[in-house]
Amino acid sequence: MSERAVVTAGTGGIGLETAKGLARHGFTVTVVGRDAERGTSAVTEIAAVATGAAPRFVAADLASLDQVRALAARLAAEGPLKVLVNNVGAMFTHRRSTVDGIESSFALNHLSPYLLTELLLDRLREAGPSRIVNVTSAAVKAARRTFDAVEPPGGYYGFHWYGRAKLAHLAYTLHLADRLRGTGVAVFAADPGGAATSMTDGTMTSPEIVSPPLRLLWPLVRRTFARATAGPASVAAAPSVFAATDASLEGRTGVLIGPGARRVPVFRGADDPRTVEKVLELSRRLAPLDDGHRARHA
Ligand SMILES: NC(=O)c1ccc[n+]([C@@H]2O[C@H](COP(=O)([O-])OP(=O)(O)OC[C@H]3O[C@@H](n4cnc5c(N)ncnc54)[C@H](OP(=O)(O)O)[C@@H]3O)[C@@H](O)[C@H]2O)c1
């Protein structure tokens, strides 16, 4: 029987290419997304390259913490999980809130994958050696490192808030790698570099996503964004596929795989203990892991 892998936001963009990569390696892949039509067409594409059991689509809006809990309960009920790729992520031109009233970039890029991961840890341990891959971004470098609240002080600038949410998740990723040392569950971060996807097409042409000083340089910034996100999603998926499957990573954890599937140093702000502590505090408060929640959704 082939081993199970889950790719969130796996019905389009980099996630779909990641799912195809894992299916080529023989995994039985589950892709998660909101739209059933996109799900069906993704499954057809993945099945065409799969060398293991048939892939499938599971619908969930990962912007809803209740739906994340329900998804986790469903996936956990199916037994051991070998690979979890937390690929979901999004950038928004204008400030938005989720159904839970949480700012959307923080919810989708950090809280949702945090919660899904925590709720699936038992199943990942059972499948050990197993791997968690969290998709990050070079945008972490443009982030304000302040995590006293979900929203940083000052105005909304989608690119910076996105980078800050990715930084929160990278800090959590490194913390989790340490926490799970010796359990058989390895934790990696994967930076895809850039690709032309619905996320980049939908946001990176608006000067409003960057702070006012950067807007003064918008023609230059825009050209940089355009260059960085011109490539195909299949190339950008390589770091996630490598992190999930490559034998050279056996026995390793807490490693960042960058563009070209090369090991790269982790951005230094991400392992700052104060950042880790604040991110964990926020995550535990906003997405509690108490038994009540587990029981209600199990
Ligand atoms: N593209 C880049 O240049 C770039 C660079 C660095 C990092 N990244 C990161 O790479 C990852 C993938 O990015 P991408 O560019 O491939 O994004 P994308 O094209 O926007 O991803 C599309 C996928 O996300 C799913 N999705 C969107 N919102 C969702 C939600 N609320 N719940 C469940 N699924 C949802 C879509 O399915 P439905 O629409 O059916 O829900 C679809 O499967 C993200 O974490 C992103 O931050 C991307």
Side-chain angles (χ1 to χ4, degrees), residues 6-21 29-43 45-46 57-68 70-71 85-93 96-100 102 104-113 115-116 133-143 158-159 161-170 173 189-205 209 224-241 243 256-259 267:
V6 170
V7 181
T8 66
T11 61
I14 297 167
L16 173 56
E17 295 301 327
T18 303
K20 283 160 69 179
V29 178
T30 297
V31 286
V32 180
R34 290 165 300 183
D35 185 85
E37 241 173 73
R38 267 195 293 278
T40 305
S41 104
V43 164
E45 260 194 64
I46 300 163
F57 164 69
V58 171
D61 182 350
L62 297 167
S64 153
L65 294 178
D66 272 350
Q67 291 200 33
V68 173
L71 172 69
V85 182
N86 285 307
N87 170 74
V88 73
M91 189 189 316
F92 301 97
T93 318
R96 285 201 211 167
S97 289
T98 65
V99 283
D100 302 299
I102 298 167
S104 294
S105 5
F106 194 80
L108 268 171
N109 292 289
H110 170 60
L111 263 192
S112 159
L115 182 60
L116 186 65
V133 179
N134 289 336
V135 177
T136 186
S137 164
V140 296
K141 294 175 192 159
F159 179 70
W161 286 40
Y162 164 77
R164 179 176 166 276
K166 287 289 193 202
L167 177 59
H169 203 61
L170 186 55
T173 301
D191 174 4
T197 64
S198 57
M199 183 184 91
T200 48
D201 291 350
T203 51
M204 294 189 100
T205 51
I209 64 167
T224 307
F225 282 164
R227 254 200 314 272
T229 58
S234 54
V235 172
S240 289
V241 176
L256 170 59
I257 307 300
F267 173 59

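All values derive from a computational prediction rather than experimental measurement. Just follow the structure's listing: the first ligand is 1, and inside any ligand the first atom is 1.
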Could you tell me if the side chain of Asp191 sits less than 4.5 Å from the side chain of Leu256, heavy atoms only? yes

May I ask you to test the Ile102-Leu65 pair for a side-chain heavy-atom distance under 4.5 Å? yes

Qualifying residues under side-chain contact (heavy atoms from CB on, under 4.5 Å), relative to Arg96, sequence neighbours excluded: Phe92, Ser104

Of the non-hydrogen atoms in Ser112 and Val88, which two are nearest, and what is the gap between them? OG-CG1, 4.3 Å

Do the side-chain N and O atoms of Thr8 and Asn86 include a donor-acceptor pair separated by under 3.5 angstrom? no

Contact residues of ligand 1 with a heavy-atom cut-off of under 4.0 Å? Ala9, Gly10, Thr11, Gly12, Gly13, Ile14, Gly33, Arg34, Asp35, Arg38, Ala60, Asp61, Leu62, Ala63, Asn87, Val88, Gly89, Leu108, Val135, Thr136, Ser137, Tyr162, Lys166, Pro192, Gly193, Gly194, Ala195, Thr197, Ser198, Met199, Thr200, Thr229

Could you point out which residue of Val32, Ile14, Val6 forms a side chain to side chain contact (heavy atoms under 4.5 Å, CB included) with Asn87? Ile14

